[in-house]
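See below for the structure under consideration.
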Amino acid sequence: MTSARRGNPVLLGSAGLAGLLLLLELLPRLGLVDERFLPPTSRIASALADEVSTAVFWQSLGDTLYAWAAGLLIAVVAGVLAGLVIGSVPVLRALTASTVEFLRPIPSVALIPLAVLLYGTDLGSTLLLVCYASFWQVLVQVLYGVADVDPVAEETARSFRFSAWGRVRYVLWPTALPYVFTGFRLAASVALVLAITAELVIGSPGLGKDIATAQASDAVPTMYALIVVTGALGVIINLLTRTGERRLLAWHQSVRGEVAV
Amino acid sequence: MDILKKAGLAIALPIVLFAGWFWLSDGSENFYSPPLRTILTAFGDTWTLERLRTDVAPSLLRLLAGFLLAALIGIGLGVAIGLNRRLRAVLEPVLEFFRAIPPPVLVPVIMLFAGIGDGMKVIVIVFGCIWPILLNTVEGVRATDSVVLDTARAYGVTGPARLTRVILPSASPQIAAGLRQALSIAIILMVISEMFASSNGLGFTIVQFQRSFAIPEMWSGIILLGLLGFALSLLFRLAERWALRWYEGLRAAQRRAG
Amino acid sequence: MLEVKGLRKVYSSGSREVEALRDLTFTVDNGDLVCLVGPSGCGKTTLLRCISGLLTPTSGSVRVNGDAVTGPPPGMAVVFQEYGRSLFPWMSVRDNVELPLKQKKVDRARRRELVDTALDAVGLSGTASAYPWQLSGGMQQRVAIARAVAYEPETLLMDEPFAAVDAQTRADLEDLVRSLWQRLKVTVLFVTHDIDEAVYLGRRVVMLSSSPTVVQDELVVDLPAERDQLNTRADPRFVELRTRVYEQIQKAKKAAVR
Amino acid sequence: MLEVKGLRKVYSSGSREVEALRDLTFTVDNGDLVCLVGPSGCGKTTLLRCISGLLTPTSGSVRVNGDAVTGPPPGMAVVFQEYGRSLFPWMSVRDNVELPLKQKKVDRARRRELVDTALDAVGLSGTASAYPWQLSGGMQQRVAIARAVAYEPETLLMDEPFAAVDAQTRADLEDLVRSLWQRLKVTVLFVTHDIDEAVYLGRRVVMLSSSPTVVQDELVVDLPAERDQLNTRADPRFVELRTRVYEQIQKAKKAAVR
Amino acid sequence: GSDKDSSSSGGSSGGVDNVTVGVIPIIDVAPIYLGQSKGFFKSRNIELKLEAGQGGAAIVPGVVSNQFQFGFSNLTSLMIAQTKNVPVKAIAAGVSTTGEQGKDFGALVVKAGSPIKTAKDLVGKKVSVNTLKNIGDTATRNSVRKAGGDDKAVNFVEMPFPNMQAALEKGDIDAAWVVEPQLSAIKATGGTEIASTYVDVDPKLNVAAYFTSQKLIADKPDLVKRFTEAINESLTYSDAHPDEVRQILSTYTKIDDKTRAAVVLPKWPVEINKASVQTLADLGTKDGIFASSPDLGKLLP
Ligand SMILES: Nc1ncnc2c1ncn2[C@@H]1O[C@H](COP(=O)(O)OP(=O)(O)OP(=O)(O)O)[C@@H](O)[C@H]1O
Ligand SMILES: Nc1ncnc2c1ncn2[C@@H]1O[C@H](COP(=O)(O)OP(=O)(O)OP(=O)(O)O)[C@@H](O)[C@H]1O
Ligand SMILES: [Mg+2]
Ligand SMILES: [Mg+2]
């Protein structure tokens, strides 16, 4: 009703992105950075146009997206399940806390030799790294979400003798859902980051490998074009997540606030 | 008694896992996964006090600087974005854009602007670990109870006090979740940033071990990273406990058996 | 039968220790309707939470039909004082009322019937599809009541359930509880701070002292079983009983002011 | 002077449209004490939120001393119906009461005095250092009242502020509000669903109809200014007035049942 | 996990061996791509699959675990592996210096107008290499010593080749040890070469080699033999047909046409020059890169 005053979010978002592109165009044009190292938007765009017209690019994009989606799916399912189980059983929580904290900061990149050892440059390698990194994102968020259950709501469920499953399904899950969404959004981009990094370093096919090639070949505009593709993927993924969030979290304070005056 | 039990629970699983690892790997012939026994020996030989001073200390300093800076920027920006719908609409795609770019790809670009010193490494850390803080702060701020907000408004709790006394405390549980996550990401990025243009540091040392095929030493470095992460998260947990005692109390009050 | 014996509850969080209940003993027969009155903060909610197995007492015991209560006993429904927070904000009013029935594995048709009847009885048939946070305070409270009523419990615990509704609705709800009690032979334990309500509703009234709490007095309401708002409240015996309860409470409060 | 003119409020979220207020017009003179009664869900809370500038009406206007209300006007204190959620769980009782005073830049000594007096007046002097969630429902509500009282407002809006306290405390609090009103010449708008309370407290009673809501009737309470719980309530004029209010509300409810 | 070597890679079907080779997408490995396109491998019943990653991090573990059957690596790295008893063995030459001062495919460069004229001037300065404690810094130290400077006083920093030009121009580093195609790019913008480090080590220096695991040598000697023949044929062919090399670059790198025509191509002799490798080994030992001096008899074919 008041969207005119507030502005259309899509429009505003596009304005934000346009501002970024303009800045990238101006920085080298004004001589603030050397355009050989950071080419202006227009040059990147033309390199991007060249890339887009090749079949190899779409093949790489497909490979990256596949690794991303598969890894993310595994990580989210595993993270949510583990989070709900660990979070709702205090003993398990105490038991696993130290191990989780130990494993979490181990960088995926340090695991590359291990991954290659197990899977070579197959999809398996990338998946291993993607899953490892994004699993923790989801897990930690879900753990915090489970801890956030309103005691009165929890007791209401207990007093009506909800089954364990009922409590998870109807109380724990909805409370944790906003956290799951944050976790999902974090994991989605971490998965993308890792998918590309793995391809970059190991050389399994995908955008990352193309970036590595462009880098090694001093093809700077092409490299940036591919980076832009990565970023654009991130924006699209976020857009989709947001849409899902608005549908599933209509009841939540954070979303509710957008409806009330 | 209670503390003893907690400590017992905390170390039980690691002990089991390490014992399992030790036992399973004992006869390992594989060059890349040597027996844990060898790794532990290497650990003692590698991580001497001198090593800790020259390699671990600088890493830790960069890590802390990066983490604190990320916390500062992340919370500040997060609050602003969480409170202002229009700002959120404008910035969200841009932020999502940067969030999706892998740090290893971005390092060269950052190097362009920040050179190759510690500054570059700190920026890389900030760049990578700011996201969970930012996202959680935004969500936490947006989720502030409407009655709480109304109360604050009605009593003229506005301006800075609204921020420090109402918005931030109310969002603090979720901000803590973000900080916690950022901490381990910061460690990961510490390693990544030291893979480029570096001549000391924990990450550099591990990568160096890996390249020079000192595999037991490399594993010992990874274990050290894990230990470091564990220690830092323990510290963080203590700080969180203290800062969020109201929240823990609130949650625990009605749960505790007596 | 519901037996409370030597019940004591001390809350201790940090340095603060509160002896909410000192020593409570009383019984409620099956099919009885007992009202519980007592000054604010004397431990009525605490008592109800102990009875419903949500809180472990410090000492003493609660038995339902001979079995010690360790968790929520089957067939018990509770209306919480914090009605607003006891409703699930992520579900519509209908779903909130229906969910416990689903958990009880009531079949779909019967569920629909129970939900509709209950919502109708509390005057909310028009708002079944709204979310709880779209309702007024009193409406929310009535949803919580409808949920308990639809559940068809054997034992019904209600913690100041009519606090947020207007006088007329309150009278209607009082009659609803009485008719439910008579029709289904539910055992009802009803916490209220309204003395008239306690006498009008109850077959017995249990009066609690100020904190540290003991049973101050008990009283059988020997009014006819058929009661109505106009005549019963005008009955001289009613006035007599309410005066008695009032005096006891006064006494309890006096004792507290040392 | 508080003027409400042609106030209309329609909630619309998604497909659901609720006309909470249809057309309200009334005024409250400075220093007046007006009680607002009406059936549950008729829009009392909505009205209060519009007056306090927390909610923008769909049409119509609210003026305080001639100025249109767009945000919370200075010198106004509100006691929310959702008392539990309106207290900040991260602050102790004392801090909760003190924070608005800090915002008002009351100096430290005076603040301390005001807080102590207010907490004492509501009978909570012993629990100043507890967190709100360590208190019983009635105690929480009294904290919210103490907060409003300590604020020394010019205008005081109270939304069913005594719903969760026992009869005796309620009587004490009623007298507290009256004495405050007489002593400080505060303008009070008091929402209640207890007809006796409305008549006992108010200088005027405004009765609202069922939703969609208009002003059903107004009534000046011509009881002597000096009131006390025993004599006033026994006054035949009191009984007469309360019957009149009761009848109007009945009529309002009847009209609603189409 | 090293015992699952009969999966698609490394397996054979109908007498054709599927072989995966781990390479780096740089000019050095052009022969294997060229050989692939010329059918040198197919004619020996080898179905070749080339995996190109950013760095060597994945190649050695890949070969050791038989995920790759062969790999490409510089000899210093291979010698480090040898001293650590990594079970690998070189089987064919990879790439060699051109042997011409000022016209090699790797060199030390400074930016235009730099006061640094010779390697000797690097004392006390910052020099970038792509990997510390590897061929880059040994070779550079050697050049500094040869020019009469104290190599201990040179500060090395690590950074990827593509970053060096920018760092050089910004003054973050004083000199860069860099290879093609970045070398041409820097020279094109006025950068000057102050030493041809590979040539300084040995005019016939073998820089890199193809290698495999000792297990594969033991299990499938025939495959190793055929692969070596194919790679040798490729090397010879490449050395003789520079234009085709420049052409093949466009298929696996993104080097633009102008640079492709301009870059200095390395030499691809078939023989591994043992003496030059020994020199490299001695230099590395002197600089403390190896824990013990490498046993070339075990490493080289
Ligand atoms: N946020 C909201 N969204 C949609 N409808 C709302 C919202 N808040 C209130 N309503 C509706 O507006 C009407 C009036 O609500 P309000 O809370 O003002 O009533 P009230 O008079 O305070 O009732 P009570 O005495 O029960 O507290 C109700 O029908 C309610 O369902
Ligand atoms: N979680 C808690 N931690 C510490 N003290 C508590 C807690 N809950 C309740 N108390 C204390 O226990 C006492 C009894 O509280 P309870 O809620 O049972 O009172 P009540 O009789 O229900 O009061 P009311 O009528 O005001 O709701 C109070 O003094 C309160 O401060
Ligand atoms: Mg209570
Ligand atoms: Mg209300």
Side-chain angles (χ1 to χ4, degrees), chain A residues 6-7 9 12-17 20 33 37-38 91 94-99 101-110 113-114 117 136-137 140-141 144 147-148 151 155 178-179 182 185-186 189 192-193 196-197 200-201 211 215 227 230-235 237-238 252-254 257-258, chain B residues 6 9-14 17 32-33 85-86 89-94 96-105 108-109 112-113 131-132 135-136 139 142-146 173-174 177 180-181 183-184 187-188 191-192 195 206 210 222 225-230 232-234 251 253-255:
Chain A
R6 243 183 235 129
L12 287 173
S14 312
L17 278 180
L20 175 71
V33 292
F37 309 133
L38 182 59
V91 178
L95 203 62
T96 52
S98 53
T99 312
E101 291 312 323
F102 179 87
L103 290 176
R104 230 147 51 86
I106 292 178
S108 279
V109 282
L114 192 70
L117 212 60
W136 303 116
Q137 307 285 328
V140 172
Q141 286 289 337
Y144 271 90
D148 197 34
E155 290 192 343
Y179 287 82
T182 309
R185 291 175 60 208
L186 285 169
S189 55
L192 191 61
V193 164
I196 291 179
T197 308
L200 191 84
V201 180
I211 293 179
Q215 235 168 10
I227 294 182
T230 320
L233 282 183
V235 175
I237 290 168
N238 180 58
H252 191 255
Q253 190 76 54
S254 61
E258 326 223 65
Chain B
K6 262 200 188 134
L9 278 177
I11 56 168
L13 189 60
L17 290 179
Y32 279 93
S33 47
R85 195 166 307 160
R86 208 183 305 192
V90 173
L91 284 187
E92 199 171 88
V94 177
E96 291 303 322
F97 180 86
F98 280 112
R99 202 156 68 85
I101 301 177
V105 175
V109 184
L112 267 184
F113 295 95
W131 307 116
L135 245 62
N136 275 290
E139 299 307 319
R142 287 174 66 199
T144 311
D145 191 319
S146 58
Q174 210 159 345
R180 184 114 176 261
Q181 227 159 350
L183 188 62
S184 51
I187 299 177
I188 293 175
V191 174
I192 291 185
M195 285 165 59
I206 291 178
Q210 185 184 328
I222 291 179
L225 269 182
L227 289 177
L228 195 70
F230 176 63
L232 285 177
S233 92
L234 210 64
R251 295 294 169 218
Q254 283 138 318
R255 297 226 173 118

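Not measured: the values here are computed from a predicted model. To find a chain, count down the sequence lines: A is the first, B the second, and so on, and within it residues start at 1.
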Turns out that what part of B:Leu227 lies under 4.5 Å from chain A's heavy atoms comes down to both
Nearest heavy-atom contact between A:Tyr144 and B:Arg180 is OH-NH1, 3.1 Å
**Residue pair B:Ile101 / A:Val193, side-chain heavy-atom distance below 4.5 Å** = no
Heavy-atom nearest pair, B:Leu13 first then A:Leu95, reads CB-O, 3.5 Å
When rounded to the nearest 0.5 Å, the distance separating CG of A:Leu103 from CZ of B:Phe230 is 11.5 Å
Rounding to 0.5 Å, atoms CD (B:Glu139) and CD (A:Gln141) come to a distance of 9.5 Å
Distance col, row B:Leu91:CG vs A:Leu20:CG, nearest 0.5 angstrom, shows 10.5 Å
Checked A:Ser189, A:Ala232, A:Gly234 vs chain B; the most non-hydrogen pairs under 4.5 Å come from A:Ser189
Looking only at B:Gly229, B:Ser233, B:Ala177, the option with the highest number of non-hydrogen pairs under 4.5 Å against chain A is B:Ala177
When the 4.5 angstrom heavy-atom criterion is applied to A:Ala94 and chain B, the contacting part is both
Residues B:Pro132 and A:Leu186: closest non-hydrogen pair is CA-CD2, 3.5 Å
If one checks every heavy atom of A:Leu17 against chain B at 4.5 Å, the contacting part turns out to be both
Applying a strict 4.5 Å limit to non-hydrogen atoms, the region of B:Leu17 in contact with chain A is side chain
**Item:** Residue pair A:Tyr179 / B:Gln174, side-chain heavy-atom distance below 4.5 Å
**Value:** yes
Side-chain touch A:Ile237/B:Glu96, heavy atoms, less than 4.5 angstrom:
no
dist A:Thr182:OG1 -> B:Trp131:CH2 (nearest 0.5 Å) comes out at 15.0 Å
Heavy atoms of A:Thr99 and B:Pro14 approach each other most closely as OG1-CD, 3.5 Å
